[in-house]
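Residue numbers start from 1 in every chain, and the chains themselves are labelled A, B, ... in the order their sequence lines are given, proteins ahead of strands. Excluded from the calculations below are hydrogen atoms, water molecules and symmetry mates; all remaining heavy atoms, backbone and side chain alike, are included.
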Amino acid sequence: MEVGKVKRVAGPVVMATGLKSSMYDLVLVGEEGLMSEVIGISGNKHVIQVYEDTGGVRPGEPVKETGAPLVAQLGPGVLTSIYDGIQRPLTKLAEMSGDFISRGLFVDGIDHKKKWEFKPIVKKGDVVKPGQTIGEVQEQLLVKHKIMVPPKSKGGTVKEVYSGNFTVDETVLVLDDGTKLTMMQKWPVRQARPVVQKLAPTIPLRTGQRVVDGFFSLAKGGTAAIPGGFGTGKTVMQQTLSKWADVDIVIYVGCGERGNEMADLLHEFPELVDPRTGRPLMERSIVYANTSNMPVAAREASIYTGMTTAEYYRDMGYDCMMTADSTSRWAEAMRELGSRLEEMPGEEGYPAYLGARLADFYERAGRAEVMAGGQGSVSIVGAVSPPGGDFTEPVTQNTLRMVKVFWALDSKLTQRRHFPSINWLDSYSLYDQTLEPWFVENVSPDWNKNKRRAMAILQENAELEEIVMLVGSDALPEDQQITLEVARMIINFWLAQSAFHPVDTFCPYKKQFDLLAAILKYRDYAFEGLQKGMSVDQVKSVPSKDALAKVRLEAEYEPILAKVMAQMDAEFKALK
Amino acid sequence: MTKEYKTITEISGPLIFVEKTEPVGYNELVEIRTHGELKRGQVLDTSDEIVVIQVFEGTGGLSKETSVSFTGDVIKMPLSPAIVGRVLSGSGRPRDGGPEIVPEVLRDIAGAAINPSSREKPRAFIQTGISTIDGTNTLVRGQKLPIFSGAGLPHNDVALQIARQAKALGEAESFAVIFCAMGITNEEAQHFLADFERTGALERAVVFLNLADDPAVERILTPRLGLTTAEYLAFDLDMHVLIIYTDMTNYCESLRQMGAAREEVPGRRGYPGYMYTDLAIQYERAGIIRGKKGSITQFPILTMPGDDITHPIPDLSGYITEGQIIVSRELHRKGIYPPIDIRPSLSRLMNSGIGKGHTREDHRAVSDQLYAYYAEGNDLRGLAAIVGKEALSERDKLVLEFADKFERRFVNQGRDEDRSIFETLQIGWDLLADLPEAMLTRVDDKFIKQYHPKYAGTAKK
């Protein structure tokens, strides 16, 4: 390995000479061996960004090459880990350097001493292809970790295969060309892992939240953005998604956020219980915590490190969901490094490649046919924190161009204690059409029709409310008064959902559909009634209408709903 | 080993460029001697031939003949328990005529990041004696809660009152106040010092003073010195430290000035692109470490230029700190002290520090209810101005009246009035009692039965 020399130090950016490293190769700077990455080459000089504080580094100190880019270590033991932005386990760092993170620490991403029981599923003489599964490890009680041939290797005929307990460094399989495979892969974080082919987003990602599934659904492998302004209920939303989304693996990347908030998350996340299995949610989660005061270059890398681990589990055929909180802080890290490199800035000082980087990142999401056979997916929920709440700023704008779903969290709804605080007028999902066939086949042919009817009512409601503010609701025509009432029912009986109610916290598709259909049915009865000469008050005061409000709190709701609807039918008949 | 150089090639604003032969480390401390005076500086950019140095005490009086020596070490703060009670300059030198600090330890002022997995979740209630903070925007130990204010508002008085009155409920623990002044006027500084002396607070305080006429570059050092001292007191000496710095706006101006001097590519409004990270490095040095007794709570004060909360300084601060206390010009004009507007104010850690076991079980409900009607009452003021009070419904009139009373009785209090949290909640209940019970929709019936003045005395049985 070549050893170069530091020529210049300015903040996290170092210039060095005498290196042969390629772009994005990892190098170790200075006597302390600070982890760094090559981000530019000009003439005989390498431009290097350092992941740690550079105080005290002087010209003339050595720069050691590693000959490889920043890689993530992938293998059994990744799950349940809490990492910093460059995949160093935080608890290991604390063991080594105490409560404050010191410099020049090099820690493996996964434990190299622990032994795992490897059960091969191929035998001597089998031909294995790149990406193919060669064996399994029970990584967690409910998660099988598939050991795969690294996607960029050649594959070949199995010469030897072992079973039993091994560390991730020990050989578990030998190919006829002498290649030895272990249970660990290393993958450069900035490179997307290959798949056989990407698939269209035709399967919804079920969250059990009516406003999400019913109105603004996310597809498996889809991308969504949430604005993370002050007090919008972002944290509750993320926790609810982590708990209820029908994905196998949850990856949370805390990128440039508050230390105390991370502490809260790190205390609470391990205590969350997976409601479907009763096991700790942490057993199928990976957390990256790179707070705002940790080195900025590591913050920039954290998004890629998180993505790489997500892709790795996708390659095993799992559905993964990655939450990036917040992509604005990530973009700011790019801006900061860009300005240190004296690059010509684009909009608001962000580098001109901001849009391209965001696009690259969101493009790594998707549902795919994986090399191990079968399908897997990575869905992304990215938080954006627009400065001053201004949605026209570059990060938000570039993000909205890429993502297909926008959940507009609304602090006004939070203040009114309406949860989930997703604004139904400003949010959108572009998966409406691609997901419709699935809903038609699996829930009801009327799924999209009812959704559109309900949305139209809410839209009309918003317009009417402005008039009501001026003249009061009594001055409206009768049919419009009913529209207001129906909108209120949709908002309070259907869109609002309690995360703390044991039944209401999760609402299956069928129930979502039936409840909404019932409210729309009430609307039909009411309009019919008006035409037959009933008064607004009569129509509004049928007891069955209020009974409808409670149905969502019932687990076995179907007979109760049927009873309520029968009662409604009778009441309207009686009103004539 | 330190060599002296007389090779300054350029002096530009607060920066000097020096040619040298030995390698010099980034961030290294530099000593500059001119006319018998010692100035200090820090290396901002180092390469084989030339070093860029920012001079903390200003470049006035420097010439090409000035001698520059590199100490071979980054800037370190000398610390010992004797530092408590001292008044130091913005660069950490005695300003009270006392001796230099004899160090027990020397600490790098850059400060390392606390490992997130070693942090303890802040949850201990701090009583400041101010109703608008304790009642509706509760402060907890280990929090960083800035005061966003404007020019000409009494934020300094609020800060002083907090420094005087802040305490944990029912515990006598060792605590200290660190006060970092950055670019404030001599008059303001006198005001602070006089108050510290009057109340005896100086005995448990460390004061760092960088005044308006002190070099701007020195301000970049001041919070770092203060926070390094805070970490020493909190995590070595087990003290609960409250650190107040004023005014963060001046600090950011200095950052901008340095950026401009270095001809960096500017970000929003000319502030450097790394301002978010720089502020985060200061603000994030608050918190509690698991297994340690002490804590660091921060009260940064910043004046919003033009009262504009979307200005980069308050905006970036708001994304790092755990909420904000907003001082309102409107309330100040009405003669209300402290003029804290609770509507845009927020404490993000409030929930973990209130309720049963911390303050009282009805705290959240009372706060929500006060909040809701004060916000509604404020909206109604606009309406009443258009249609007249008479045109309002009976309910709306009550709410409007509530908002006025809320400002006069709950928000308004004396500069030396130290209200306990129970007094604060009592005032809240008294105000709510003027509304019909049916209007208290945010409060559980069982709390109404127990705490509503109407039932006072009956619930105890």
Can you tell if the side chain of E257(A) reaches within under 4.5 Å of the side chain of Y319(B), non-hydrogen atoms only?
->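 SC-SC contact between E257(A) and Y319(B) ruled out.
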Among the options [options], pick out the one with the most heavy-atom pairs lying under 4.5 Å from chain B.
{"options": "H267(A), M262(A), E61(A)", "result": "H267(A)"}
{"options": "S292(A), P295(A), G349(A), G338(A)", "result": "S292(A)"}
{"options": "G60(A), G254(A), G56(A)", "result": "G56(A)"}
{"options": "M294(A), E343(A), E348(A), E52(A)", "result": "M294(A)"}

Looking only at heavy atoms and a cut-off of under 4.5 Å, which of [options] has the most pairs with chain A?
{"options": "A280(B), A112(B), G273(B), P116(B)", "result": "P116(B)"}
{"options": "D108(B), V24(B), V43(B), N27(B)", "result": "V24(B)"}
{"options": "P122(B), S352(B), A110(B)", "result": "P122(B)"}
{"options": "I320(B), D278(B), D308(B)", "result": "I320(B)"}
{"options": "I289(B), V74(B), I288(B)", "result": "I289(B)"}

For the [atom1] atom of [X] and the [atom2] atom of [Y], what is their distance to the nearest 0.5 Å?
{"X": "M15(A)", "Y": "D45(B)", "atom1": "CE", "atom2": "CG", "result": "9.0 Å"}
{"X": "R119(B)", "Y": "R258(A)", "atom1": "CZ", "atom2": "CZ", "result": "12.0 Å"}
{"X": "E120(B)", "Y": "D264(A)", "atom1": "CD", "atom2": "CG", "result": "10.5 Å"}
{"X": "R8(A)", "Y": "E49(B)", "atom1": "CZ", "atom2": "CD", "result": "10.5 Å"}
{"X": "R335(A)", "Y": "T277(B)", "atom1": "CZ", "atom2": "OG1", "result": "9.5 Å"}
{"X": "D315(B)", "Y": "S385(A)", "atom1": "CG", "atom2": "OG", "result": "10.0 Å"}

Between N260(A) and E322(B), is any side-chain donor less than 3.5 angstrom from a side-chain acceptor?
-> yes
Heavy-atom distance under 4.5 Å to chain A: side chain of [X], backbone, both or neither?
{"X": "I75(B)", "result": "neither"}
{"X": "T321(B)", "result": "backbone"}
{"X": "Y283(B)", "result": "neither"}

Can you name the one residue among E332(A), E336(A), R329(A) that meets side-chain hydrogen bond (donor to acceptor under 3.5 Å, both in side chains) with Y276(B)?
->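 Output: one option passes, namely R329(A).
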Ion pair present between K292(B) and D99(A), side-chain N to carboxylate O less than 4.0 angstrom?
-> yes
Do the charged groups of R348(B) and E261(A) touch, with an N to O distance under 4.0 Å?
-> yes
Heavy-atom cut-off 4.5 Å, strictly under: side chain, backbone, both or neither for [X] against chain B?
{"X": "R103(A)", "result": "neither"}
{"X": "E268(A)", "result": "side chain"}
{"X": "L266(A)", "result": "side chain"}
{"X": "V6(A)", "result": "backbone"}

Would you confirm whether E284(B), through its side chain, and N293(A), through its main-chain N or O, come within 3.5 Å as a donor-acceptor pair?
->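 Here the side-chain-to-backbone pair does not exist.
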Does any N or O in the side chain of Y26(B) come within less than 3.5 Å of the main-chain N or O of R58(A), such that one atom is a donor and the other an acceptor?
-> no
Compare every heavy atom of N115(B) with every heavy atom of A94(A), then report the nearest pair and how far apart it is.
-> N-ND2, 3.4 Å
Do other residues, nucleotides or ligands put more than 12 heavy atoms under 6.0 Å from K5(A) NZ?
-> no
